[in-house]
Amino acid sequence: MRLGPRTAALGLLLLCAAAAGAGKAEELHYPLGERRSDYDREALLGVQEDVDEYVKLGHEEQQKRLQAIIKKIDLDSDGFLTESELSSWIQMSFKHYAMQEAKQQFVEYDKNSDDTVTWDEYNIQMYDRVIDFDENTALDDAEEESFRKLHLKDKKRFEKANQDSGPGLSLEEFIAFEHPEEVDYMTEFVIQEALEEHDKNGDGFVSLEEFLGDYRWDPTANEDPEWILVEKDRFVNDYDKDNDGRLDPQELLPWVVPNNQGIAQEEALHLIDEMDLNGDKKLSEEEILENPDLFLTSEATDYGRQLHDDYFYHDEL
């Protein structure tokens, strides 16, 4: 089988896989554990439509909407935002926008507007054609073989998300396909998929060596490179909760399907550290309004996006 412009298709699939897998989402924001200050600006300024909408808001209207958002974050209505309240709000914001994006994608993928997305429709949207591989036949070309494996993984996840075995995915099933971390019935499948990929000796666990996988470094070097140290630290401190030197199926889950709890908590702590003027480890409305730009370029407001999303600032929320 010939793939045509295989490099472009492979690049697209690899990009999608990277966005979804193996705990890498936070690396864009915090490469090697360091905060990128320009990431917040890029996230805010990256979509010109959002920038234009943000600029159109007058100061009074911006402040009004921001105050409304602050009140909603303040779950106990005591006038202060705690780390827990900020973290919960940020996680809710992540989930809301992920669901909104999935709903928009569903409409784009549903070519015949029958409220289902078939595997063929998914392929046409992703690659402009229907791609079909033999599950049992490896390809000689290394790029094509990588493409085949990733494509078959997507197909298996698509089939697992299809609970009713119908001709395609409903909106709810499509969300399960795009965001398996949000759907309980996908958990076992995701864990098993991770074991098949990383558990090379078949013992039902993932060792540090298996976790590092195909990473390569200079065997003659006296010390590991920094990125290896970072990965080892994640293995030991973030994932291996029982400290037995290997990841069991439940410990695998936060790695292969990372949730946003850690990112949200780190952002909440960052905001409090930067904006807490009186040292009480929480934020008042006055402290936030003293430095609104920092708050509006943070994940707490999804980089200002919430200012013009009535789901967040309307009173009836």
Side-chain angles (χ1 to χ4, degrees), residues 14-40 42-43 83-84 86-88 90-91 93-95 98 146 149-150 153 157 178-183 186-219 221-273 298-299:
L14 289 171
L15 179 61
C16 293
K24 304 300 181 186
E26 71 273 20
E27 291 182 7
L28 179 61
H29 201 166
Y30 309 115
L32 299 180
E34 296 180 1
R35 187 180 186 83
R36 276 187 54 199
S37 60
D38 61 328
Y39 179 88
D40 292 344
E42 290 170 6
E83 174 196 331
S84 176
L86 284 165
S87 178
S88 295
I90 293 168
Q91 290 179 70
S93 178
F94 285 159
K95 183 172 182 178
S146 295
K149 288 180 178 180
L150 288 169
K153 283 181 65 175
R157 192 171 82 251
E178 289 289 332
H179 299 283
E181 73 278 6
E182 302 291 352
V183 182
M186 296 294 289
T187 300
E188 184 178 346
F189 171 81
V190 171
I191 291 175
Q192 186 58 40
E193 185 180 56
L195 285 172
E196 290 175 2
E197 180 176 353
H198 301 287
D199 178 21
K200 302 303 183 183
N201 64 6
D203 65 353
F205 299 87
V206 172
S207 66
L208 175 60
E209 290 74 18
E210 292 168 334
F211 175 82
L212 293 174
D214 293 332
Y215 292 157
R216 294 289 182 264
W217 60 92
D218 183 359
N222 294 326
E223 297 180 352
D224 288 333
E226 185 176 0
W227 62 269
I228 286 285
L229 298 177
V230 170
E231 292 300 321
K232 287 182 176 180
D233 181 74
R234 282 187 177 146
F235 182 92
V236 172
N237 295 312
D238 294 343
Y239 304 130
D240 185 17
K241 298 301 184 183
D242 59 9
N243 299 312
D244 66 350
R246 60 186 187 175
L247 306 184
D248 63 35
Q250 289 305 313
E251 290 171 329
L252 274 175
L253 196 60
W255 175 43
V256 296
V257 187
N259 60 34
N260 295 309
Q261 182 177 354
I263 298 173
Q265 184 178 28
E266 187 168 352
E267 179 69 7
L269 289 170
H270 165 72
L271 285 172
I272 290 175
D273 183 59
S298 79
E299 288 158 322

Worksheet item: Above 12 or not: heavy atoms from other molecules or residues under 6.0 Å from CD of Glu188?
Response: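 No, CD of Glu188 has 12 or fewer neighbouring heavy atoms, counting only those of other groups under 6.0 Å.
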Practice prompt. Just do the side-chain contact (heavy atoms from CB on, under 4.5 Å) check on Leu247 and Phe235 with the steps written out, would you?
Written response: CA-CA 8 Å; Leu247 306 184; Phe235 182 92; 3.5 Å; yes
Worksheet entry | Minimal non-hydrogen separation, Ile90 against Ala268, with atom names |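 Looks like CD1-N, 4.2 Å.
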Can you confirm whether [X] sits close enough to [Y] that some side-chain heavy atom of one is under 4.5 Å from a side-chain heavy atom of the other?
| X | Y | result |
| --- | --- | --- |
| Val206 | Asp248 | no |
| Lys149 | Lys153 | no |
| Asp199 | Glu210 | yes |
| Ser93 | Glu299 | no |
| Val256 | Ile191 | no |
| Phe94 | Ile263 | yes |

Measuring from [X]:[atom1] to [Y]:[atom2], what's the distance to the nearest 0.5 Å?
| X | Y | atom1 | atom2 | result |
| --- | --- | --- | --- | --- |
| Arg234 | Asp240 | CZ | CG | 15.5 Å |
| Glu182 | Thr187 | CD | OG1 | 10.5 Å |
| Ser298 | His270 | OG | NE2 | 7.5 Å |
| Ile228 | Asp233 | CD1 | CG | 12.5 Å |

Discussion item. Under 3.5 Å, is there a donor on one side chain and an acceptor on the other for Glu83 and Ser87?
Written reply: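 Result is no, nothing qualifies.
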Practice prompt. Name all residues meeting the side chain to side chain donor-acceptor pair (under 3.5 Å) criterion together with Glu251; count only those two or more places apart in sequence or in a different chain, and write none if there are none.
Written response: none
Worksheet item: For Asp273, which residues count as a side chain to side chain donor-acceptor pair (under 3.5 Å) partner, sequence neighbours excluded?
Response: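 If we apply the side chain to side chain donor-acceptor pair (under 3.5 Å) test to Asp273, skipping adjacent residues, there are no hits.
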Discussion item. Quick check: Trp255 with Phe211 (ring centres under 6.0 Å apart)?
Written reply: yes
Fill in: side-chain contact (heavy atoms from CB on, under 4.5 Å) evaluation trace for Lys241 with Gln250
CA-CA 10 Å; Lys241 298 301 184 183; Gln250 289 305 313; over 6 Å; no
Discussion item. Pair Glu209, Leu212 - check side-chain contact (heavy atoms from CB on, under 4.5 Å), show working.
Written reply: CA-CA 5 Å; Glu209 290 74 18; Leu212 293 174; 6.0 Å; no
Discussion item. Looking at Arg157 and Glu193, is any side-chain nitrogen of the basic one under 4.0 Å from a carboxylate oxygen of the acidic one?
Written reply: no
